[in-house]
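Since this is a predicted model, take the numbers as computed values, not measurements. The figures here come from the full heavy-atom set of this structure, side chains too, leaving out hydrogens, waters and symmetry mates.
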Amino acid sequence: MSRIGKTPVDLPAGVEVSFTASEVSVKGPKGQLTFPLFPEISLEQEDKQVVVTRTGAGSAKTAAALHGLVRAHLQNMV
């Protein structure tokens with residue numbers, strides 16, 4: 001498992017995250033950003049944290065690469 005991908009993303013006060021199967025949106029005091037999600041990746045929100053997980057779709061190598069990528073992009077969006 002990816003070291004970067006398994007770390008949850010902490011949400012500071014005033015930041016809201018919403019996601020669908022194909023897109024994640026982060027809204028905060030400085031604006032709103034969106035990022036497309038890949039079928040190999042899913043998100044779960046637990047209290048003030050967002051956890052990025054693999055769905056098992058696609059190849060394991062691709063899913064591993066996207067796992068850390070999506071988590072890093074999500075952290076930068078927050």
Residue pairs passing the ring-ring contact (aromatic ring centres under 6.0 Å, His included) test with at least one member in residues 5-30, sequence neighbours excluded, are none
Heavy atoms, side chains only, cut-off 4.5 Å: are Thr55 and Pro39 in contact?
no
Measure the CD-CG distance between Glu16 and Leu11 for me, rounded to the nearest 0.5 Å.
10.0 Å
Which pair of heavy atoms, one from Ile4 and one from Arg71, lies closest together, and at what distance?
O-CD, 3.1 Å
What one should report as the nearest heavy-atom pair of Met77 and Val24 is CE-O, 4.1 Å
Can you give me every donor-acceptor pair (side chain of residues 30-38, partner residue at least two apart or in another chain, under 3.5 Å) with its distance?
unit_1 : atom_1 : unit_2 : atom_2 : d
Gln32  : NE2    : Ser25  : OG     : 2.8

Flag side-chain contact, heavy atom, 4.5 Å: His67 against Ile41
yes
Taking every heavy atom of Asp47 against every heavy atom of Gln45, the minimum-distance pair comes out as O-NE2, 3.8 Å
Testing the basics here: between Pro29 and Gly14, what is the closest heavy-atom pair and its distance to 0.1 Å?
CD-O, 3.7 Å
Check the hydrophobic clustering (I, L, V, M, F, W, Y; side-chain heavy atoms under 4.5 Å; chains of links allowed) and say if Leu43 and Val78 are grouped together.
yes
So which heavy atom on Val52 is nearest to which on Val70, and how close?
CG1-CG1, 4.3 Å
